[in-house]
Amino acid sequence: MTSGMNRFNQSVTVDEYLAESNVLFYLSDALTQLLEHKEEYTHFGVIRYFAEYFSSVKNGNHILFREFNYIRATPHNRASFIRVFWRCYRQIGKSGDLLSILEYSSLLQLLCPDFPMEIVKSAARIVVMDDGLDCLMSFSDFLYAFQLQFYYQEFLDSVLLIYQDLLAGKSPNTVIVPTSTSVEQVTGLTTEENKEQDLEVEASTLAECIDDLCDRIKNSHPPRSCLQEALEETGKVSYYSLLTSLSKHESINQMIGALPSKTEVLIDPEMDQELDKLIAQISVSPSSNSSGSAVGMLKEVQRKASPRRNIHHRRKMEVESDGSTEETDSSEN
């Protein structure tokens with residue numbers, strides 16, 4: 001979570017460590033959740049609540065079913081959401097199914113109800129270079145494009161503004177990180193304006209501007225070596241050809257740390273074991289049915305999604321129990 005910053009390093013000040021680790025952000029959210037659901041949490045004890053909250057943050061399960069503003073708030077949250085998306089829907093890749101933009105948007109909204117379509121469209125354009133909502137993509141191709149777009153969204157929006165200035169013949173000496181208004185303008189482009197993003201500019205000029213941008217925004221960008229490598233491949237480059245190259249760069253994938261390499265993206269022995277257990281349970285359950293199996297498995301895998309769901313579930317168990325400490329099938333229905 002701290003991107004290599006060690007809290008025991010004496011050269012790191014307290015303020016620097018707190019800013020890098022986002023401890024105050026998580027503490028504020030934990031307190032907010034505690035106050036909003038005080039009756040649930042205080043029944044089990046405040047200490048236990050905080051222990052479960054920060055354990056959930058550490059394990060990366062804390063972002064499930066949270067609002068979009070929360071899952072995008074920190075690099076750790078973004079990486080956690082990318083990893084959960086991969087683990088929940090990896091079977092789509094194994095089956096070889098191709099999905100449309102609308103279908104990928106629906107899958108993301110199962111995990112985050114207000115996840116914006118604009119980010120899904122931008123990720124899809126990295127893959128297919130097309131605005132069509134019916135374009136079909138493999139899970140693996142979409143996954144790595146989505147990782148780049150979501151994790152580095154603000155940086156990419158800034159690069160797009162620079163790129164548009166270069167297309168217009170301007171020389172952007174001053175790079176301004178986009179405000180919320182300018183980001184809305186970037187994501188709300190018309191089809192004709194989107195086509196402009198396939199036009200090419202001088203790679204060396206774009207590289208100089210991006211290098212200046214990296215100086216201004218510190219650590220919220222891909223490694224400079226990866227950016228330079230992508231821009232040195234050709235004399236001219238379009239916006240989306242640059243993003244396509246970056247989305248496939250293994251060093252960027254390793255730095256984010258959410259996904260395995262592309263050759264191993266469909267391999268997850270731990271999740272396979274969980275799914276095998278759930279399928280076995282469903283197959284022997286007289287109340288199971290094929291239409292609800294997929295949803296049931298997803299919910300079961302995500303039972304430990306957040307401390308709120310954990311504690312609420314246990315409270316319900318204790319109230320309905322006749323004193324036994326064992327969970328029964330009837331108590332979970």
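Sequential numbering from 1 along the given sequence is applied to the chain's residues. The shown structure was predicted, so the numbers you read here are calculated from the model rather than taken from an experiment.
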Check: Among all residues two or more places apart in sequence or in another chain, which pass the side-chain contact (heavy atoms from CB on, under 4.5 Å) test with Glu232?
Finding: Gln228
Notebook entry, point to check: Got a sec, which residues hit side-chain contact (heavy atoms from CB on, under 4.5 Å) with Ala258, two or more places apart in sequence or on another chain?
Noted result: Ala79, Ile82, Arg83, Gln147, Ile256
Closest contact, heavy atoms only, [X] versus [Y]:
X      : Y      : answer
Arg90  : Leu266 : NH1-O, 2.7 Å
His221 : Met255 : O-CE, 4.3 Å
Pro260 : Tyr144 : O-OH, 2.6 Å
Ser247 : Ala145 : CB-CA, 4.0 Å
Lys58  : His76  : O-CE1, 4.3 Å
Phe25  : Ala73  : CZ-CB, 3.4 Å

Checklist line | Verdict with reasoning, Asp15 to Thr13, per side-chain hydrogen bond (donor to acceptor under 3.5 Å, both in side chains) | finding: CA-CA 5 Å; Asp15 290 339; Thr13 67; 5.5 Å; no
Short side-chain to backbone donor-acceptor contact, [X] and [Y], under 3.5 Å:
X      : Y      : result
Ser245 : Ser241 : no
Thr244 : Ile126 : yes
Ser21  : Tyr17  : yes
Tyr163 : Ser238 : no
Trp86  : Leu259 : no
Arg78  : Arg72  : yes
Ser28  : Leu24  : no
Tyr53  : Leu31  : no
Ser158 : Glu154 : yes

Next item on the list: Report the hydrophobic cluster partners of Leu98, with the cluster defined as I, L, V, M, F, W, Y residues connected by side-chain heavy atoms closer than 4.5 angstrom, directly or transitively.
Entry: Leu136
Next item on the list: Could you walk me through whether Val237 and Glu202 pass side-chain contact (heavy atoms from CB on, under 4.5 Å), step by step?
Entry: CA-CA 7 Å; Val237 65; Glu202 291 292 335; over 6 Å; no
If you define the side chain from C-beta out and look only at heavy atoms, does anything of [X] sit under 4.5 Å from [Y]?
X      : Y      : answer
Phe155 : Cys214 : yes
Asn22  : Leu27  : no
Leu111 : Ile71  : no
Ile162 : Asp212 : no
Leu156 : Gln153 : no
Glu16  : Glu20  : no
Leu34  : Phe50  : yes
Ser261 : Glu250 : yes

Distance in Å, [X] [atom1] paired with [Y] [atom2], rounded so as to fall on 0.5 Å steps:
X      : Y      : atom1 : atom2 : value
Leu199 : Lys236 : CG    : NZ    : 10.5 Å
Thr205 : Ile210 : OG1   : CD1   : 11.0 Å
Leu108 : Ile119 : CG    : CD1   : 9.0 Å
Leu107 : Cys112 : CG    : SG    : 13.0 Å
Asp114 : Arg66  : CG    : CZ    : 11.0 Å
Leu148 : Leu143 : CG    : CG    : 11.5 Å

Notebook entry, point to check: Around Leu35, counting heavy atoms of other residues, nucleotides and ligands shown, do more than 12 lie under 6.0 Å from its CG?
Noted result: yes
Item checked: Lys262 atom NZ, over 12 foreign heavy atoms within 6.0 Å -> yes
Next item on the list: With side-chain hydrogen bond (donor to acceptor under 3.5 Å, both in side chains) as the test, would you mind laying out the steps for Thr74 and Tyr26 before giving the verdict?
Entry: CA-CA 10 Å; Thr74 71; Tyr26 292 113; 2.7 Å; yes
Next item on the list: Start with the C-alpha gap between Ser138 and Asp141, add the side-chain angles, then the distance that decides, and say whether side-chain hydrogen bond (donor to acceptor under 3.5 Å, both in side chains) holds.
Entry: CA-CA 5 Å; Ser138 71; Asp141 287 342; 3.1 Å; yes
Note to self: As a quick check of understanding, evaluate side-chain contact (heavy atoms from CB on, under 4.5 Å) for Asp29 and Val57, giving each step before the final call.
What the structure shows: CA-CA 11 Å; Asp29 181 68; Val57 170; over 6 Å; no
Item checked: Sequence neighbours excluded, every pair satisfying ring pair (Phe, Tyr, Trp, His ring centres under 6.0 Å) that has a member inside residues 92-127 -> Phe68-Phe115, Phe81-Phe115, Tyr104-Phe142, Phe115-Phe146, Phe115-Phe150
Next item on the list: For side-chain hydrogen bond (donor to acceptor under 3.5 Å, both in side chains), just list the numbers for Asn77 and His62, CA-CA rounded to whole Å, side-chain angles, deciding distance to a tenth of an Å, and then say yes or no.
Entry: CA-CA 8 Å; Asn77 283 11; His62 62 302; 2.6 Å; yes
Next item on the list: Take Lys121 and Glu118, measure what side-chain contact (heavy atoms from CB on, under 4.5 Å) needs, and give me the verdict at the end.
Entry: CA-CA 5 Å; Lys121 287 182 179 179; Glu118 289 77 11; 5.7 Å; no
Item checked: His249: partners by side chain to side chain donor-acceptor pair (under 3.5 Å), with sequence neighbours left out -> Glu229
Check: Are Phe139 and Phe85 close enough that their ring centers fall under 6.0 Å?
Finding: yes
Item checked: Residues in ring-ring contact (aromatic ring centres under 6.0 Å, His included) contact with Tyr152, at least two apart in sequence or another chain -> none
Next item on the list: Run the salt-bridge test on Asp215 and Arg224 with the 4.0 Å N-O cut-off and return the result as yes or no.
Entry: yes
Next item on the list: Start with the C-alpha gap between Met137 and Val128, add the side-chain angles, then the distance that decides, and say whether side-chain contact (heavy atoms from CB on, under 4.5 Å) holds.
Entry: CA-CA 8 Å; Met137 295 162 284; Val128 298; 3.6 Å; yes
